Amino acid sequence: VAPVEFSDYHPLKSITVTDSKSRRGARKGSTSSSSSSSSSVAPDPLSSMLDGTDPLSMFAAASATTCTISSRREKEDEVGVDFEPWSSKRGEILARFTTTEKLSINLFMGSEKGKAPSLASSAVSEKVRTRLEELDDLEEGSQRELLNLSQQDYVNRIEELNQSLKEAWASDQKVKALKIVIQCSKLLSDTAVIQFYPSKFVLITDILDTFGRLVYERIWSMCSDPRPLPDSFTADEVNDTAKETCLNWFFKIASIRELIPRLYVEVALLKCNRFLTKCGIQETVPRLTAMIRGIGDPLVAVYARAYLCRIGMEVAPHLKDSLNKNFFDLLGTFRQIHGDSVQNQLVLQRVEIPVYLTLYSPAIHWILQCVSYRAPEALLTEMMERCKKLGNNALLLNSVMWAFRAEFIATRATDFIGMIKDCDEAGFPQHLLFGSLGRSLACADPPEAERLPILNEAWKVITKVRSPQDYINCAEIWVEFTCRHFTKREVNTVLSDIIKHMTPDRAFEDAYPQLQSVIRKILTYFHDFSVLFSMERFLPFMDMFQKDSVRVGVCLSIMDVFIKHQQEPTRDPVILNALLHVCKTMHDSVNALTLEDEKRSLALLINGFIRMVSFGRDFEQQLSFCVEARATFCNLEPVLVQLIHTVNQLAMETRRVMRGSHSRKTAAFVRACAAYSFITIPSLTSIFSRLNLYLLSGQVALANQCLSQADAFLKAAVSVLPEVPRSISIEGKLRSSEGFLLDFINNFLSALLVVPDHPEAGVLFLVRGLLNMVQDYTWEDNSDAKVHVYISALPLLAAMSQESYLYSIPKVDSNETLYGGDPKFLAEINKLCETLIGQVLDHLKTLGRDEVGRTMPSLLSTRPSSQTWLTFQTCSTASPCSPGPEDIDCIPFFLHISMCTGGIVSPCNCILCLVPTICQPVSWRALNVLIFIFQYFIWTS
């Protein structure tokens, strides 16, 4: 009898059997036929033994050759990152295939036989017999059936079994672990609740994967002495103990009586064949493929093939020929789906044919993905042709379009449309097939001449779908194809059709995810917002988003794309009105429960929009836009800050255009800008934002010759100072505000140099007002901040006493011009300086009394006492001071400053005199303060 070669086998192909007339060629168990005979006589197998052509020798030679070729192809056919893993499909299957029917499960109850200790003198045969009895115990009532379980209860029970498996393995109860796996595998033969079968398959195969990994790691650990095996080990490197253990596991599997658990458990341990022989996996996969042919239920069989292909791709992706046989076997049994037994089962469970066919999709998708992965063009074409021959193959055609390369589908898109039209609508809806086709065409481009006919043919079918959910599922896929290859005209037509189908009965409320996907795809391909908002149906399409959270999410997507892709500022009224509405929707979503991070994200997008609005030289229109935006976005403080900056920038741009010489119209305009800022700043809650914006706006007003407005801003800033808290929250942490306040006051003092006094407010009214606020402010305990402010004010007063100021503002007369060096003005400055320096010296006395006991001992231990004294001496007004070497010792540790009793500029050219001699030890804090004063004296003299 001539053997049937696997390479030539196909289930649809008839098997040719040749009967030999010679009895010597017959063997026990061979297939023969008495009705037909061959004219040629088969050669005697024994006569060919000498030349090495007997069947066993040929098989061994072929096996060795195949192993050599396979080992060479292993590295070439490794699975790459472009292969979608099973883990990415797992969650989708569990979410898609659910049920409300009641389920049942058998729970393993354990056995007392396995707990009896074996005597040390027991023979090996006794141990083997005990373990076999433990396996038989599974079929003798050691299990309990749980009925009427909900889907969640069922999933929980499966998880319990998975955990029990791990615990049994960890406690060295290997037989119990095997029993659990067998019990779980048996559940895959149960199709009582057929809608849940794909999810059940996912849950059970998770347990099988765990079991396979545990067994493999155990055998691997047995090979780690003295050193672990490399990843690319061969069977020759495995020790005998590991091989014996591995064989023992396969013998246990062979003792499983039922086909389905025996098949699944052996597939789970497929990788362990590497420990036995070099070609173990290659020889096992065809045998397992043949075993699946014994499964009668087509649904159970197709998932068994899917599991074999999954494990095969993980452990031996180079064995594509063996995996291909699973697909061809699937084609051979495809007609069983429409057989009487399946139809009767569907009638009993009240399941429609279209629903039943979708249960096959995950398994067939996976099988085709494995077969088509890096497959040559010829094989894909052959598979496609065989699908055509089946006829009414909508389910298979759908999986082909899912699994095959998108480029392959796109180049033959017209052929696939013809095949879709030939399919029976009752068995598998055509809109699902067009959805699968559109998914491929979104990833690869069909020939340019065929694109419009393809869209027309697809939309003819899609627009006839009555169910709104089915319609939007399919339409959402084809939107990307339309946006990718056509203009706004075609996209507008598609949007109009979607609105027509989804508006009745408010069907859009159940399709928000799909509608959001449509928006995202349009935004992916249309970055020109003038084109986008010129579509008549785009804004009506957005009106379908009635749910607040969904509508805000869509608005965020639109603004994010606008910020990223809008290169030039715009003044297009269509864009501005549309985006202003979008931003208002985002702003109105803010409430008391909105997190600060969300507010910042919204404000960032809205600020980006505001910065991209420009009306060119039409400054009044720009200010009107800011007025409208202020009313619209009043609840987002960062947006108000941005608007104030925008208006200040607008005023400075006006000054630049007018070159500093304002006309009556522009002068009124910049005053309007100042009024805008003055009205808006008090609405801010951040105290330092108000202070800084008051100062900045005052400087802008001063630069535009708006003196009264500048005074108002600066006086407002001074009036706000007492409200500064002693600590502020920064990034959720409380920090002292003292440093920030000092920085602001220093900036404020530098601005006061060029601010002219108000005629009705008195000399240096702003400086006096600031210093009074500083005097009354409640500073931190033991803080030198107030003294630092006084010291910082001294350079300002010294600069104000100069004939010509260090800097000035064009067309603004500062105090140097107003007073012109008037002695009364200088006297006021001198008097103020006396007061400030007196305050500083009082502070120094306090420091000396409070800290001498704590800070001086360490200082005295390192330096002579004569160098640890700071002396202030007064000189007579009649003689100029001339400090000698005895007055100035070592500056880092000792300062001696001689002063006269004259004014700020005395006949002896000395600076303002201080108080009579102070001779006392000082702390380092006092020394730091004095260094500030000393630097001031050196600078002003």
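Everything quoted here is computed from the prediction, not taken from an experiment. Basis for what follows: all heavy atoms, side chains included, without hydrogens, waters or symmetry-related copies.
Atom CD of Gln195 and atom CZ of Arg350 lie 11.5 Å apart (nearest 0.5 Å). With rounding to the nearest 0.5 angstrom, the OH atom of Tyr471 is 5.0 Å from the NE2 atom of His501. Within the model, atoms CG of Asn635 and CG of Leu602 stand 11.5 Å from one another, a figure rounded to the nearest 0.5 Å. Going from atom CG of Leu187 over to atom CD1 of Ile204 covers 4.5 Å, rounded to the nearest 0.5 Å. Taken from CG in Leu397 to CE in Met401, the straight-line distance is 4.0 Å, to the nearest 0.5 Å. Rounding to the nearest 0.5 angstrom, the gap separating the CG atom in Leu579 from the OG1 atom in Thr570 is 8.5 Å.
The side-chain hydrogen bond (donor to acceptor under 3.5 Å, both in side chains) test applied to Lys599 returns no partner, not counting sequence neighbours. By the side-chain contact (heavy atoms from CB on, under 4.5 Å) test, Leu94 pairs with Arg90, Ser199, Val202, Leu203, sequence neighbours left out. With sequence neighbours excluded, the residues that form a side-chain hydrogen bond (donor to acceptor under 3.5 Å, both in side chains) with Gln152 are Asn156. With sequence neighbours excluded, no residue forms a side-chain hydrogen bond (donor to acceptor under 3.5 Å, both in side chains) with Thr98. Remark: Arg96 pairs with no residue by the side-chain hydrogen bond (donor to acceptor under 3.5 Å, both in side chains) rule, at least two apart or across chains.
In this structure, the side chain of Thr463 does not engage the main chain of Lys460 through any donor-acceptor pair within 3.5 Å. Side chain of Arg386 to main chain of Phe328: no donor-acceptor pair is present (N/O by atom type, distance under 3.5 Å, no hydrogens or angles). A donor-acceptor pair is defined here as one N or O able to donate and one able to accept, closer than 3.5 Å; such a pair exists between the side chain of His587 and the backbone of Thr632. The backbone N or O of Ser361 sits less than 3.5 Å from a side-chain atom of His365, completing a donor-acceptor pair. The main-chain N or O of Ala192 is found under 3.5 Å from a side-chain atom of Gln349 such that the two form a donor-acceptor pair. Under a 3.5 Å cut-off, the side chain of Asn398 and the backbone N or O of Ala394 do not form any donor-acceptor pair. Checked by atom type and distance alone, the side chain of Lys564 never pairs as donor or acceptor with a backbone atom of Met559 at under 3.5 Å.
Under the 3.5 Å distance criterion, with hydrogens and angles disregarded, a donor-acceptor pair is assigned to the side chains of Gln345 and Thr191. For Ser530 and Asp528, the side-chain atoms include at least one donor-acceptor pair closer than 3.5 Å. Defined by atom type and a distance below 3.5 Å, a donor-acceptor pair is missing between the side-chain atoms of Tyr303 and Asp297. Glu476 and Ser517 share a donor-acceptor pair across their side chains, judged by distance under 3.5 Å alone. Defined by atom type and a distance below 3.5 Å, a donor-acceptor pair is present between the side-chain atoms of Ser88 and Glu84.
Just one of Leu532, Val531, Val491 meets the side chain to side chain contact (heavy atoms under 4.5 Å, CB included) condition when paired with Phe538; it is Leu532.
Using a 4.5 Å cut-off on side-chain heavy atoms (C-beta onward), Val479 and Leu495 make no contact. Contact check for Asp329 versus Ile292: no side-chain heavy atoms found under the 4.5 Å cut-off. Between Val465 and Cys474, every side-chain heavy-atom pair lies at or beyond the 4.5 Å cut-off. For the pair Pro468 and Asp510, the minimum side-chain heavy-atom distance is 4.5 Å or more. Within the 4.5 Å cutoff, the side chain of Ile472 has no heavy atoms near those of the Phe508 side chain. In this structure, the side chains of Asn492 and Lys488 stay at 4.5 Å or more apart for every pair of heavy atoms. Between Val193 and Gln151, every side-chain heavy-atom pair lies at or beyond the 4.5 Å cut-off. Looking only at side-chain heavy atoms (C-beta outward), Leu208 and Tyr307 come within less than 4.5 Å of each other.
Between Ile454 and Leu441 the shortest heavy-atom distance is CG2-CD1, 3.7 Å. Heavy atoms only, all atoms of each residue included: Ala603 and Pro638 are closest at CB-CB, 3.7 Å. Residues Val371 and Leu323 share a closest heavy-atom pair of CG2-O, 3.9 Å. Scanning both residues, Leu636 and Val590, for their nearest heavy atoms gives CD2-CG2, 4.0 Å. Nearest heavy-atom pair, Leu299 versus Tyr360, reported as atom, atom and distance to 0.1 Å: N-OH, 3.3 Å. Closest non-hydrogen pair, Ala375 versus Arg405, comes out as O-NH1, 3.1 Å.
Salt bridge absent: Asp497 and Arg537 never bring a charged side-chain N and a carboxylate O closer than 4.0 Å. Ionic pairing of Glu377 and Arg412 is present here: one or more N-O contacts between side-chain nitrogen and carboxylate oxygen are shorter than 4.0 angstrom. A salt bridge links Lys421 with Glu457: at least one charged nitrogen is closer than 4.0 Å to a carboxylate oxygen. Salt-bridge check for Arg157 with Asp153: failed, with every basic side-chain N at 4.0 Å or more from each acidic carboxylate O. The pair Glu509-Arg506 counts as a salt bridge, with a side-chain nitrogen and a carboxylate oxygen less than 4.0 angstrom apart. Comment: Glu490 does not engage Arg451 in a salt bridge, judged by the lack of any side-chain N to carboxylate O separation of less than 4.0 angstrom.
Residue-environment remark: CG (Asn456) exceeds the threshold of 12 foreign heavy atoms within 6.0 Å. Around the NE2 atom of His581, the shell of radius 6.0 Å holds no more than 12 heavy atoms that belong to other residues, nucleotides or ligands. The environment of CG in Asn344 is crowded: more than 12 heavy-atom neighbours from other residues, nucleotides or ligands sit within 6.0 Å. The 12-atom threshold is not exceeded at CD of Glu536, counting heavy atoms of other residues, nucleotides or ligands nearer than 6.0 Å.
At least one test fails for Arg484 against the ring of Tyr525: distance under 6.0 Å to the centre or angle within 45° of the axis.
Taking the six-membered ring for Trp and the full ring otherwise, the centers of Trp366 and Phe201 sit at least 6.0 Å from each other. Proximity of the aromatic rings of Phe97 and Tyr197 is defined here by a centroid distance below 6.0 angstrom, and this criterion is not met. Taking the six-membered ring where the residue is Trp, the centroids of Trp478 and Trp459 are separated by 6.0 Å or more.
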Q: Begin with the C-alpha distance, continue with both residues' side-chain angles, and end with the deciding distance and a verdict on salt bridge (Lys or Arg N to Asp or Glu O under 4.0 Å) for Asp560 and Arg520.
A: CA-CA 11 Å; Asp560 187 55; Arg520 284 194 297 268; over 6 Å; no
Q: Assess whether side chain to side chain contact (heavy atoms under 4.5 Å, CB included) is satisfied between Gln566 and Ile575, documenting all intermediate values.
A: CA-CA 11 Å; Gln566 186 71 21; Ile575 297 177; 5.5 Å; no
Show me the donor-acceptor pairs, under 3.5 Å and distance only, between side chains in residues 540-548 and residues at least two apart or in other chains.
unit_1, atom_1, unit_2, atom_2, d
Gln546, NE2, Asp543, O, 2.4
Asp548, OD1, Arg551, NH2, 2.7

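Using bins of under 30°, 30° to 60° and over 60° for the plane-to-plane angle, the ring pair Tyr154/Phe196 lands in the perpendicular bin.
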